[in-house]
Amino acid sequence: DTSLAEVNSFSPSMPISPSSMINQYKFEDESELRDLFITVDDPESHITAIETFITYRVVTKTSRSEFDSSEYEVRRRYQDFLWLKSKLEEAHPTLIIPPLPEKFIMKGMVERFNDEFIETRRKALHKFLNRIADHPTLTFNEDFKIFLTAQAWELSSHKKQGPGLLSRMGQTVRAVASSVRGGVKNRPEMFTEMNDYMETFSQKINVLDKIAHRIYKEEREYCNEMKEYGPIHTLWSASEEDIADSLKGVASCIDKCCKATEKRMAGLSENLLPILHEYVLYSEILMGVLKRRDQIQGELDSRIDALANKKTEKDLFSEEIGKLEDKVECANNALKADWDRWKQNMQYDMRSTFANVAESNLRYYEECLATWESFLASQRVDLHVEEDSEDRP
Amino acid sequence: MEDCLAKKMEITVSEAEKRTGRNAMNMQETYTAYLIETRAIESQGEGQCAPMDSLWRRYSEFELLRNYLSVTYPHIVVPPLPEKRADFVWHKLSADNMDPDFVERRRIGLENFLLRVASHPVLCQDKIFYSFLTQEGGWKEMVNETGFQLKADSRLKALNATFRVKNPDKRFTELKHYSDELQSVISHLLRVRARVADRLYGVYKVHGNYGRVFSEWSAIEKEMGDGLQSAGHHMDVYAASIDDILEEEEHYADQLKEYLFYAEALRAVCRKHELMQYDLEMAAQDLTSKKQQCEELATGTVKTFSLKGMTSKLFGQETPEQREAKIKVLEEQIQEGEEQLKSKNLEGRDFVKSAWADIERFKEQKNHDLKEALISYAVMQISMCKKGIQVWTNAKECFSKM
C-alpha cells in the first residue's frame, strides 16, 4: 500500500504494508506472546498563532492487565516521541533504544510538511513504538505506558514532573567528568570488541546508505530517458507502413519496461532505503550506549581510585563501592543481552531486506523478459506468414 | 537477371592498420588503412578454393568511389558509407577516430558498404567498382579520368531547382518528405538511445560498489560473512555485465545509422529529379518565349514587352532583311530547342522510371533490414534480462543464507 495519508484528512488510512508488518512481528519467540498492538496513522496539521505542527494518531490495543482499558486512541506530536525516547534512555542507559526519525532532513526539503516527508516519518514513528513494544524490558516501561494512554493534558502535566533541569544538568556534568577519566582502561574485552565492531559497522552502513540512494537516483534518471525513448518509435511508425507494427511493438515494450522500473524504484524506497537509514541511526545509538556504559564504569573506577589514596575508613565506602559495582554489572549484563538481541535482529533485517531487493530485481527482469519475448513471438509469426505467402506462386 | 557480383565473389574488409604518411600539403598525417580481400566463389564447391586477392584502401578512397557512383548513377539510391566521425556517442564510448572500437565498427561498416554495392543489380556491374576491389595501383587516376566530377551538379544549382520547380512528380515530393522525416526521427532516436545507454551504465556500475562494501563488511561478521561475501561477488558480476551488453547495442545503433545515411541518399535522388524537372521546365519556357518572339517578328505584332521591341520603336524599325535574318535564327533555335526538349522529356521519363524501380527495391530492403534490426534489439534485451535473472537469483540465494 503506497498511498500517502493526507494532511488534515479524517480518513484512517491503512498505513502499513504487509511486508513491513512481518518485519516488525518477526521475533518468533516474542510474537506468540504478543499482547500489545500499536499503530501510528492519520497525520493532521494544527495551526496556532505561534506554530504549525503535525499530530499523529496512536492507537493501542492490548490485553495486558496493567492497562485499565483494552483500547486507547491518543494524538501525539513529534516532540512527544522525543520526550519518550529521552525518558527511556534515562531509565535504561545501556539498553538500545530504537531510532527515531530525524528532526529535519538536511538536503532537498523545501517544505517541512510535504506529503512524502510526513508519510516517511509516520512509518518510522510506527516502527519506533512497535520496536519498544517488542523489547522485553522497555515494553514494561511506565513512561511508555503513559505515552500510549494519556490524554494530551495528562501527558503534558506528567512531563513536567521528574528531575528538574538543574539536576539533569548535574547528572550530565558528573557523567562527562567520569567519562573523561575512563571506563576505557578497565573495559572488559567484550566491550572493546563491540566498540571496534561498531566503528566498522557504522562506516559500512553509511556507505551502503549512500550507494542505495545513488542507485535510486540512477534508476530514476534511466526511467526518465526511457519515457522519451519509447514514444519516438511510435512517432516513427506514423511515417512507415510495413514496419509500423514492429515499431509500435517496440514502443509498447519500452513503455512496459519503464513501468517495471518504476515498480523497482518503489521497492527500493519503501524497503531498502528506510532500513539502511534506520541502521545508520542505530549505529549512532549503539556508539552512544557503549559510551554510557563506559561512563558508568568510569564512575566506579574513579571512586575506587579516589579511595585507594585514603588508607582509613575503607569500610565506610565499601557499601558505596558495592552499589557502584552492582550498577556496573547490571549495565554490562543489560547491554550484553540487548546487544545479542540487536545483532540477531540486524542479521534478520539485512537478510530479509536484501533478499527483497534481489526479489524485486528478479521480478523486474522477469517482467521485461516476458514483454520482449511476446514481442519477438509476434514478429516471428509475421515473418513466417510473409515467407509462406512468398512461396506461393 | 544476371547474378550480381556478390554471388560470384567473396568480399571482406578483414583488417585495419594504422599508417603514417604525408598528405597533399606535405605534412605528416596518421590514417587508418583497411585490407580488402576478394576471392572468386567456385560454383562447384568441391576442390580447392580460388586464391585470395587483397589490397589496402583508406577511407578517403571509399569516399571517392561513392562520389563517383552517386554522380554516375543519379537514379540509384547509392548505399551510404559508415560515419566519418563518431557521432551519437554515450559517455563511455570514445569519439576519437583512432579508437580501436571505432575503427573496428568502421571496418564492419565499410565491408557492409562493399557488400551492398556488390549485391546491387546495377552498381555491381560498374568497372570502376570492380577495379576498386581488385586493382591496387592507379585506381585513383582511373576514376579521375572518367571525368565524373564535371558531371556533378553544383549544390547551388540543386538548391535553386528545389525552390523553383513547378511540377515535380508527386511521388518524389512525398519521398522527399519521407526521407526528411526518416532522418529526423532516426537522429532523435539515436540521441536518446545514447542517453539511455549512459543511464543504464550508471545503474549497473553503481551496483559494483556493493561488492566492495559487502566484502569489507563481511570481515567483521561471523554468521553473515559468507553470505555477504558471495553476494558481493555477484554484484561485481552484475556490474561488469553491462560492458558487453552495451557493446552489442552499438551494432544495433550502427544498423540504424546506416538508414539515417540512406535517407540522405534518397534525398539525393529526389534532388536529381527536381533538377531535371526544373531544367525541363526552363527549356520548355525558353522554347515558348522563342516561339512567341518568332511569331511577333513574323506578324509584326508585339504581344510581349521586350527591350528589343522598345529600342526598335525608339530607334526606328529594322529592315525587312534584318527581320528575316532574325526569324531564321530563331527558327533554327526553335528546332534545336524542340529536339532538346524532346530528349529532355525522354530523359526525364527514363529517370523517373528507373529511379522509381530502384526506390521500390530500396523500400523492400529497408523494411526487411529495419524489421530484422528491431528483432535483434528485442533479442538483445531478452539476453540482458536473462543475465539479470541469473545474477539476482544467485544474489538472492546468498542473501537468504546470511
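Below, read A as the first sequence line, B as the second, and so on, with proteins coming before strands; counting in each chain starts at 1.
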So do [Y] and [X] actually touch side chain to side chain, heavy atoms under 4.5 Å?
| X | Y | answer |
| --- | --- | --- |
| A:Trp236 | B:Leu370 | yes |
| A:Thr200 | B:Trp217 | no |
| A:Tyr229 | B:Leu189 | yes |
| A:Lys204 | B:Glu216 | yes |

Quick one: of [options], who has the most non-hydrogen atom pairs under 4.5 Å with chain A?
| options | answer |
| --- | --- |
| B:Val391, B:Val192, B:Val379 | B:Val192 |
| B:Lys363, B:Met224, B:Lys401, B:Glu181 | B:Met224 |
| B:Ser400, B:Ser184, B:Ala395 | B:Ser400 |

Should the pair A:Phe354 and B:Phe399 be assigned to parallel (<30°), tilted (30 to 60°) or perpendicular (>60°) ring geometry? parallel

Could you grab the distance from atom [atom1] of [X] to atom [atom2] of [Y], nearest 0.5 Å is fine?
| X | Y | atom1 | atom2 | value |
| --- | --- | --- | --- | --- |
| B:Met402 | A:Met346 | CE | CE | 8.5 Å |
| B:Ile382 | A:Trp372 | CD1 | CH2 | 8.5 Å |
| A:Thr371 | B:Gln381 | OG1 | CD | 11.0 Å |

Shortest non-hydrogen separation from [X] to [Y] and the atoms involved:
| X | Y | result |
| --- | --- | --- |
| A:Phe201 | B:Ile220 | N-CD1, 3.6 Å |
| A:Leu369 | B:Cys385 | N-SG, 3.7 Å |
| A:Leu362 | B:Ile389 | CD2-O, 3.4 Å |
| B:Lys371 | A:Ser246 | CE-OG, 3.7 Å |

Do A:Glu218 and B:His207 get their side chains close enough for a donor-acceptor pair, meaning under 3.5 Å? no

Decide whether B:Tyr178 and A:Glu240 meet the rule of one side-chain donor and one side-chain acceptor closer than 3.5 Å. yes

How about [atom1] on [X], more than 12 heavy atoms from neighbouring residues, nucleotides or ligands closer than 6.0 Å, or not?
| X | atom1 | value |
| --- | --- | --- |
| B:Asp226 | CG | no |
| B:Gln255 | CD | yes |
| B:Glu223 | CD | no |
| B:Gln390 | CD | no |
| B:Glu174 | CD | yes |

Between the side chain of B:Arg199 and the main-chain N/O of A:Glu221, is any donor-acceptor distance below 3.5 Å? no

Could you check which of [options] has the highest count of heavy-atom pairs closer than 4.5 Å to chain B?
| options | answer |
| --- | --- |
| A:Asn361, A:Asn224, A:Ile243 | A:Asn361 |
| A:Ser239, A:Gly249, A:Cys368 | A:Ser239 |
| A:Glu359, A:Arg351, A:Glu367 | A:Arg351 |
| A:Arg363, A:Lys217, A:Met350, A:Met226 | A:Met350 |
| A:Glu241, A:Gln203, A:Arg214 | A:Arg214 |

Heavy-atom cut-off 4.5 Å, strictly under: side chain, backbone, both or neither for [X] against chain A?
| X | result |
| --- | --- |
| B:Ile186 | side chain |
| B:Lys387 | neither |
| B:Tyr210 | both |

Centroid-centroid under 6.0 Å between A:Tyr364 and B:Trp392 rings: no

Pick one of side chain, backbone, both or neither for A:Ala238, based on which atoms fall under 4.5 Å of a heavy atom in chain B. neither

Non-hydrogen atoms of chain B under 4.5 Å away: do they reach the side chain of A:Tyr197, the backbone, both or neither? both

B:Glu221/A:Lys343 ion pair, N-O < 4.0 Å: yes

Electrostatic pair A:Glu225-B:Arg193, nearest N-O below 4.0 angstrom: no

Start with the C-alpha gap between B:His188 and A:Glu228, add the side-chain angles, then the distance that decides, and say whether side-chain contact (heavy atoms from CB on, under 4.5 Å) holds. CA-CA 10 Å; B:His188 189 195; A:Glu228 198 183 324; 3.1 Å; yes

Working for side-chain contact (heavy atoms from CB on, under 4.5 Å), residues A:Leu208 and B:Phe214: CA-CA 9 Å; A:Leu208 278 176; B:Phe214 281 167; 3.8 Å; yes

